Amino acid sequence: MASITFDNIGKVYPGGTRAIYDTNIHVDDGEFVVLVGPSGCGKSTLLRMVAGLEDVTEGQLSIGDRVVNDVSPKDRDIAMVFQNYALYPHMTVFDNMAFGLKLRKMNRDEIQRRVEDAARTLEITELLDRKPKALSGGQRQRVAMGRAIVREPSAFLMDEPLSNLDAKLRVQMRSELGLLHARLATTTLYVTHDQVEAMTMGDRVAVLRAIGGKEVTNLQQIASPRTLYDDPTNLFVAGFIGSPSMNFIYGTVESEGDRVFAKFASQRVEVDRSRLAERQTLSNFTGKEIVIGLRPEGFEVKEAASSDMIVENRTLNIDVGLVEQLGSEAFIHFEMASRPVITPELQELLEDEGTDIETLGDATKFTARVDPDMTPKPNSKATLVVDTTKMHFFDPETGLAIT
């Protein structure tokens, strides 16, 4: 096994198009790190650099203690699992898994041992004599994984390997990949656009953003899934991580003695005393405009609020719009009078769609995740209690979190 290190990595394509700039990521030996972000953010490009399928334009790329910028792909001791499985249709499962070992002229008995061991691990022993056309999507994915495992590489590289599976099978395969990594403890770099997949699988997650050719780093934050969720470093990470995504609204800070309030639209809530350091920093923004972030689960319908939840100075009076019942939870959609916050992610979406920001109006849309048994009716009035321990605050000029 080996670590993987991106040291000030950059990628400029012929013609001058820049895809990657000044990106620094270190994957520890045996660690499972996920690269996640929207289309065009450079995650697959970084993975292909490690595989040797893309040249490194700037910086230094290392696998273990060896710099591999100029090392050919076959000499890097890595195994890659692709999105489309890339199985040979005329070969049996056994031969597909053994093919790379045969090219390396490995002993026949050793090939047999490795293939059978991998097949047992992946529970595909009974499939070894079949050809790919006789397999389901999940079985083909296991074969592709087996072909990588038999090589016993220093690192696995996985490029959206579950994207072709249906939703139920993806959930199952996520769990199985997690168990497989725990068993093999091989360094793994995994690429996905699905943030749920990233959060459930990675020891750490690197959130990347498209740079549009600018000389700013693609890497927005790399941390454990819980840290990304609880302490996003900027508006982009806060808006990208979480489903439904975080609600944003412009507001101001008001101070009264040792009490700090966040005011937005026609509402005013007190910042929880448990966030003392953040309250003290927030007081520096008194009278200034900030961006306030509220996750959907940071609300409760007042009638359903738990007895230990502080209600005073923490309520919102809303006009309920759409209500979505999902069985285990419900989503309430409502609006507040405030111009929408144009996060980096929304900015990119609007540009892709050719939408003029001026046409968005003066209403900010909110989503609250609530108890399905205490959900108000659509087009009614309701009072929500805000869990202010889960509020986030950002500087609108820099987009950085206020901490």
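Just so we're clear, the structure is a prediction, and the values are computed from it rather than from any experiment.
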key: Distance-minimising heavy-atom pair for Asp29 and Ala2   = OD1-N, 3.4 Å
ask   = Quick one: OG1 on Thr367 to CZ on Arg295, what's the gap to the nearest 0.5 Å?
value = 12.5 Å
ask   = Does Lys390 reach the main-chain N or O of Asp230 with its side chain, forming a donor-acceptor pair under 3.5 Å?
value = no
ask   = Which distance, rounded to the nearest 0.5 Å, do you find between the CD of Gln267 and the CG of Leu316?
value = 5.0 Å
inquiry  = Quick one, Arg113 with Glu152, criterion salt bridge (charged side-chain N to carboxylate O under 4.0 Å, His left out). Give me CA distance, side-chain angles, the key distance, then yes/no.
reply    = CA-CA 12 Å; Arg113 180 192 69 77; Glu152 299 180 359; 3.7 Å; yes
message = Please evaluate residues Gln141 and Val81 with respect to the criterion side chain to side chain contact (heavy atoms under 4.5 Å, CB included), reporting the C-alpha separation (whole Å), side-chain torsions for both, the decisive distance (0.1 Å), and the verdict.
response = CA-CA 9 Å; Gln141 185 56 67; Val81 181; 3.4 Å; yes
key: Any donor-acceptor pair under 3.5 Å from Asp55 side chain to Thr57 backbone   = no
remark   = For Ala98 and Val115, the nearest pair of non-hydrogen atoms, with its separation, is CB-CG2, 3.9 Å
task = Kindly compute the distance separating CG (Leu53) from OG (Ser44), expressed to the nearest 0.5 Å.
result = 11.0 Å
query = Is it the case that His26 and Asp28 place a side-chain donor and acceptor less than 3.5 Å from each other?
reply = yes
Residues in salt bridge (Lys or Arg N to Asp or Glu O under 4.0 Å) contact with Arg170, at least two apart in sequence or another chain = Asp194, Glu197
ask   = Would you say Met201 and Thr192 make side-chain contact, with heavy atoms under 4.5 Å?
value = no
message = Any side-chain to backbone donor/acceptor pair from Asp22 onto Thr217? Under 3.5 Å, distance only.
response = no
task = Please check if the side chain of Thr388 supplies one atom and the backbone of Met391 the other of a donor-acceptor pair under 3.5 Å.
result = no
query = Among all residues two or more places apart in sequence or in another chain, which pass the side-chain contact (heavy atoms from CB on, under 4.5 Å) test with Pro73?
reply = none
request  = Decide yes or no for Asp203 and His181: does some side-chain heavy atom of the first lie under 4.5 Å from some side-chain heavy atom of the second?
outcome  = yes
query = When you measure from the side chain of Gln221 to the backbone N and O of Thr233, does any donor-acceptor pair fall under 3.5 Å?
reply = yes
task = Could I get the full list of side-chain contact (heavy atoms from CB on, under 4.5 Å) partners for Asp77, not counting sequence neighbours?
result = Pro153, Ser154
inquiry  = Donor-acceptor check, side chain of Arg48 to backbone of Glu54, threshold 3.5 angstrom: yes or no?
reply    = no
task = Please say which of Thr315, Leu294, Ile318, Asn317 ends up in a side-chain contact (heavy atoms from CB on, under 4.5 Å) with Leu384.
result = Ile318
note = On a heavy-atom basis, the closest approach of Leu177 and Met145 is CD2-CE, 3.5 Å
inquiry  = What's the separation between atom CZ in Phe299 and atom CG in Asn247, rounded to the nearest 0.5 Å?
reply    = 5.0 Å
task = Taking side-chain contact (heavy atoms from CB on, under 4.5 Å) as the test, write out the residues that go with Ser72, two or more places apart.
result = Lys74, Asp75
query = Stepwise, does the side chain to side chain contact (heavy atoms under 4.5 Å, CB included) test hold for Ile9 with Val56?
reply = CA-CA 7 Å; Ile9 290 295; Val56 177; 3.7 Å; yes
request  = State the CZ-CZ distance between Arg104 and Arg151, to the nearest 0.5 angstrom.
outcome  = 5.5 Å
task = Report the residues that fulfil ring pair (Phe, Tyr, Trp, His ring centres under 6.0 Å) with Tyr13, sequence neighbours left out, ordered by chain and then residue number.
result = none
ask   = Counting N and O atoms only, with roles assigned by atom type, does the side chain of Arg140 sit under 3.5 Å from a partner on the main chain of Pro132, one being a donor and the other an acceptor?
value = yes
message = Using the rule given for side chain to side chain contact (heavy atoms under 4.5 Å, CB included), can you reason through Val301 versus Ile332, listing the C-alpha separation, both sets of side-chain angles and the distance that settles it, and then say yes or no?
response = CA-CA 10 Å; Val301 178; Ile332 299 174; 4.2 Å; yes
request  = Please name all residues satisfying ring pair (Phe, Tyr, Trp, His ring centres under 6.0 Å) with Tyr190, sequence neighbours left out, ordered by chain then number.
outcome  = Phe32
inquiry  = So which atom in Ser338 and which in Tyr250 form the shortest heavy-atom distance, rounded to 0.1 Å?
reply    = OG-N, 4.0 Å
key: Test salt bridge (Lys or Arg N to Asp or Glu O under 4.0 Å) applied to Arg66 - qualifying residues, sequence neighbours left out   = none
query = Rounded to the nearest 0.5 Å, how far does CG of Leu165 lie from CZ of Arg174?
reply = 11.0 Å
inquiry  = Can you list everything that forms a side-chain contact (heavy atoms from CB on, under 4.5 Å) with Ala401? Sequence neighbours excluded, please.
reply    = Phe394, Thr403
query = Is any side-chain heavy atom of Phe156 less than 4.5 Å from a side-chain heavy atom of Leu184?
reply = yes
ask   = Which one of Leu35, Asp159, Leu46, Ile78 satisfies the side-chain contact (heavy atoms from CB on, under 4.5 Å) criterion with Leu189?
value = Leu35
query = Hey, does the side chain of Thr375 reach the backbone of Asp371 with a donor-acceptor pair shorter than 3.5 angstrom?
reply = yes
query = For atom CD of Glu123, is the number of surrounding heavy atoms from other residues, nucleotides or ligands below 6.0 Å larger than 12?
reply = no
query = Who pairs with Phe285 by ring pair (Phe, Tyr, Trp, His ring centres under 6.0 Å), at least two apart in sequence or on another chain?
reply = none
Exercise answer: donor-acceptor pairs, residues 58-65 side-chain atoms, under 3.5 Å, sequence neighbours excluded:
from  : atom 1 : to    : atom 2 : distance (Å)
Glu58 : OE1    : Arg18 : NH1    : 3.1
Glu58 : OE2    : Arg18 : NH2    : 2.8

request  = Look at atom CD of Glu397 and say whether more than 12 heavy atoms of other residues, nucleotides or ligands are closer to it than 6.0 Å.
outcome  = no
key: side-chain hydrogen bond (donor to acceptor under 3.5 Å, both in side chains): pairs with one or both residues in residues 80-101, sequence neighbours excluded   = Gln83-Ser163, Thr92-Asp95, Asp95-Lys102
request  = Compare every heavy atom of Tyr21 with every heavy atom of Asn218, then report the nearest pair and how far apart it is.
outcome  = OD1-N, 2.9 Å
inquiry  = Using every non-hydrogen atom in the two residues, find where Ala210 and Gly40 come nearest and quote the distance to one decimal.
reply    = CB-O, 3.4 Å
key: Within 6.0 angstrom of Arg226 CZ, more than 12 heavy atoms from elsewhere   = no
note = Hits for side chain to side chain donor-acceptor pair (under 3.5 Å) against Thr227, two or more places apart or cross-chain, chain-then-number order -> Ser224
ask   = Does the side chain to side chain contact (heavy atoms under 4.5 Å, CB included) test come out yes or no for Lys11 and Thr23, once each step is laid out?
value = CA-CA 10 Å; Lys11 175 67 179 179; Thr23 295; over 6 Å; no
message = By the definition side-chain contact (heavy atoms from CB on, under 4.5 Å), identify the one residue from Val253, Val291, Ile292 that meets it with Phe393.
response = Ile292
query = Is Asn69 atom CG crowded by more than 12 heavy atoms from other residues, nucleotides or ligands, each under 6.0 Å away?
reply = yes
key: Val150 backbone acceptor or donor facing Arg114 side chain under 3.5 Å   = yes
request  = Look at the side chain of Asn24 and the backbone N and O of Asn8, then say whether any donor-acceptor pair between them is shorter than 3.5 Å.
outcome  = yes
